[in-house]
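Keep in mind that this is a model prediction, so the values were computed, not measured. Read the numbers this way: they start at 1 and go in the same order the structure lists the ligands and their atoms. Positions are given from 1 along the sequence.
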Amino acid sequence: MKSLFKASVALTALIGLGATAAYAETLQDVMKRRNLTEKDLMAAAKTYTPTGGRDEFLAFSSGGQSGQVIVYGVPSMRILKYIAVFTPEPWQGYGFDEESKAVLAQGRMNGKDINWGDTHHPAISETNGEPDGKFLFINDKNNPRIAVINLHDFETQQIVVNPVMASEHGGAFVTPNSEYVIEAAQYAAPLGGEYAPLSEFNEKYRGGVTYWKFNKEKGRIVPEESFTIELPPYSQDLSDAGKLVSDGWSFTNSFCAERYVGGIEKGRPPFEAGCSANDVDYLHIFNWKKAEAVFKAGKVKKINGHAVITLETAAAEGIVALVAEPKSPHGVDVSPDGKFIVVGGKLDTQASVYSFEKIKAAIDAKNFSGKDPYGLPIIALKDALHKQVPLGLGPLHSQFDSKNCIVYTSLYVDSQVAKWDYCEGKVLDKISVHYNIGHLVAMEGESVKPKGKYLIALNKLAIDRFNPVGPLHPQNHQLIDISGDKMEMLYDLPIPLGEPHYVTAISADKIQPLVRYKYGTDSRTGEAHKMAVRPGAEKIVKEPGKVTVFATAIRSHFTPEIVEVEEGDEVTFHITNSERAQDEVHGFAISGQDINLSLEPGKTATAKIKAEKAGVYPYYCTEFCSALHLEMQGYLLVKPKGYKDTAATGKEGQVYTKADFDKQYKTNIETQAVIDAVVKYITSTNFKDFPTVVALVEDATDQLKFAGEAKQKADDAAAKQDWQQATLWAGQWWQYQVKAADIGLRVKTYLEEHGAKVVAK
Ligand code: K7E
Ligand code: CUA
């Protein structure tokens, strides 16, 4: 009824608007007032998404130091979600419920909680070289870890710590069928975390690349089936997996092949000087299929229980080869057909395009120019290179277009994007972006079938770009139209959460998330929660020193509402959201206990506290879930040890009479008439053709069942002339009616908007 009222107010307003001038200003007026050009209008038209509109692509952005993932739509550039990954996030209950604490605990290092991550590279799971929208992986550079996010609910379900590296960077990159998630080290250190003096850098410090085996059915990385290839202490950087003709291979570049160790405090030149002294670094070429066979044959050394293929074995088995790269490379990207590998260079002006065919021929013919100090064969640059193309200052990362041979490369120093032809080796167009661009992303631009259309420049340091918000500025993601010959700037999106390095984008129709969980799901594992209860089965179990509450949440109450414990008790709430309607999420917070749960429909989550101090602790729902959301509350009463109730007897609250009961009863009968009318309308349509509606109708049916039960209790109490109980239960009966009516009206609107047909009288 409330919604009916709102709708009629809106309607009146709309009619009123029609009666006066529909638009006070013309488009020209607005352009003048806001100083907009026609080009601006065109850009706006290309990104503006009217209310209710959907995006064609979804972008998953690293959240940088926030340890999260940012999801936004393209081309609207509207932020849709922050996915909590390495960092607690209270809205999602992440790090506040016991289930997600267990996920975060997987990421502990040396017994320490690590409550942040320096996320760099997200990657979507792939099938036949195309992103399939099932899982998302992201790495943590500082604390070498990889997280697995299930895209059926956008929740982090696994964190694996690299058992041998001290830092990493070249992750997460996946092989074409997600067989492996690749993670390459960054700063060399003794594998496994042992101490070694820097004077033994050449002998004891090492790099590496880890191949994490991924089980697609289970959606989990399998550490026992994963292995690392030990590498020289060159700082490995980015990686990419081969595809199609180069499937079975992977590529990782490196910097500081000089193996220089700084030491300003000892009067030595800093790292930056010694690490860029030579003219070349190395592109590492891996035959991971061969490495996998060597691992399966057991030719490994165990470090911290993890299988490592030693440098010696790698060299002997021909698993790794090196190719010279221009000084201080960054970025390595394999072309959609798998034939070329594009490498940038922070201190270079040209991008290098390597030919996989040539590399393969050199390896097959053992055509090497020499060996590095660790016995790894080196392929001469001329024997591997397809072309070097001058692009501008500081080429970094590359992304591919849907058009053949077209690639886009970020130019860090120039703050530009170059569009060029890597087959022919010529520059086609350049666009200036706001400084300084790091990565860039094209739609499915790293897959075997890039989608083109849009490119996003991922810029750091957004000075002078947005309204100032203090010395720490947001970063700037700039949307560029790449559908024509010339690139066109469309839109700036400030990113106010860490320094995102990389973004991966996928066609939105490949992402098909759940709208609700199967009843009683532990979302952090995806499995049935053992502590879930159905409505009616709620209970409080008391053991010495321990109280366990099996609760449900539904609009607009928790069951139970009052929980009494004793000082010192360990109190555990297992709460199941028993809603079936989409988006009827509840929260659960207890005063002063560092608890907030997010309970989406069907989910079961656990809050655990120690009732250290006697007192009264209100708990409530933290999501505005219904008109009576504020009343969705309860009390945790922590009694002093040995407390005896000697309080004066009295009644809490108001006293009700027969008149109160009769008044409520009359309201309820009238409400029922409205509900009956809505039900009549719904059942006259083909509502069963709409799954969303079917779920809502089930939910409304539940509410009406509860209403009937409450009515029975009211009637029983009235028969005993207990007007107190009778009036309260009549009130509860009305609450259920209101919820049923509210859902009914949602259904009616949905059916009308989706063109339902009347099929019965
Ligand atoms: Cu910032 Cu990929 Cu970590 Cu380049 S990386 S920018
Ligand atoms: Cu449930 Cu507010």
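Residue-ligand proximity, H169 to ligand 1, at heavy-atom distances under 4.0 Å covers atoms 2 (Cu), 3 (Cu), 5 (S). Taking a cut-off of under 4.0 Å to the non-hydrogen atoms of L238, the atoms of ligand 1 that pass are 2 (Cu). Interface atoms of ligand 1 facing K460, defined by a heavy-atom separation under 4.0 Å, are 1 (Cu), 6 (S).
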Run H284 and F251 through ring-ring contact (aromatic ring centres under 6.0 Å, His included) and show every step you take. CA-CA 6 Å; H284 300 53; F251 310 92; over 10 Å; no

Quick one, Y422 with F400, criterion ring-ring contact (aromatic ring centres under 6.0 Å, His included). Give me CA distance, side-chain angles, the key distance, then yes/no. CA-CA 10 Å; Y422 60 89; F400 299 90; 5.5 Å; yes

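Closest approach between atom 2 (Cu) of ligand 1 and any N/O/S atom of H121 involves NE2.
Among protein atoms, those of element N, O or S found less than 2.8 Å away from atom 1 (Cu) of ligand 1 are H501 ND1.
Heavy-atom contacts from other residues, nucleotides or ligands closer than 6.0 Å to OH of Y519 number more than 12. Within a 6.0 Å sphere centred on OH of Y619, heavy atoms belonging to other residues, nucleotides or ligands number more than 12.
At atom 1 (Cu) of ligand 2, the vertex angle linking ND1 of H586 with SG of C625 is 100° (nearest 10 degrees).
Taking the six-membered ring for Trp, W116 and F86 have ring centres at least 6.0 Å apart. Taking the centre of each ring, H586 and H629 stay at or above the 6.0 Å mark. Two rings, from H439 and H501, have their centers 6.0 Å or more apart. For F558 and F588, the distance between ring centers is under 6.0 angstrom.
Salt bridge D140/R145: present, at least one basic N to carboxylate O contact under 4.0 Å. A salt bridge between R555 and E584 is present, with a side-chain N of the basic residue lying under 4.0 Å from a carboxylate O of the acidic one.
With a heavy-atom cut-off of 4.0 Å, Q186 does not touch ligand 1 at all.
Regarding atom 6 (S) of ligand 1, its nearest protein heavy-atom neighbour is H397 NE2, 3.5 Å.
The nearest N, O or S atom of H629 is not closer to atom 1 (Cu) of ligand 2 than 2.8 Å. Residue M632: an N/O/S atom is found under 2.8 Å from atom 1 (Cu) of ligand 2. Backbone or side-chain N, O or S atoms of H330 do not reach atom 2 (Cu) of ligand 1 at under 2.8 Å.
Ring geometry for F255 versus Y187: interplanar angle over 60°, hence perpendicular rather than tilted (30 to 60°).
Judged by the shortest distance from any of its heavy atoms, K141 lies outside the 4.0 Å radius around the atoms of ligand 1.
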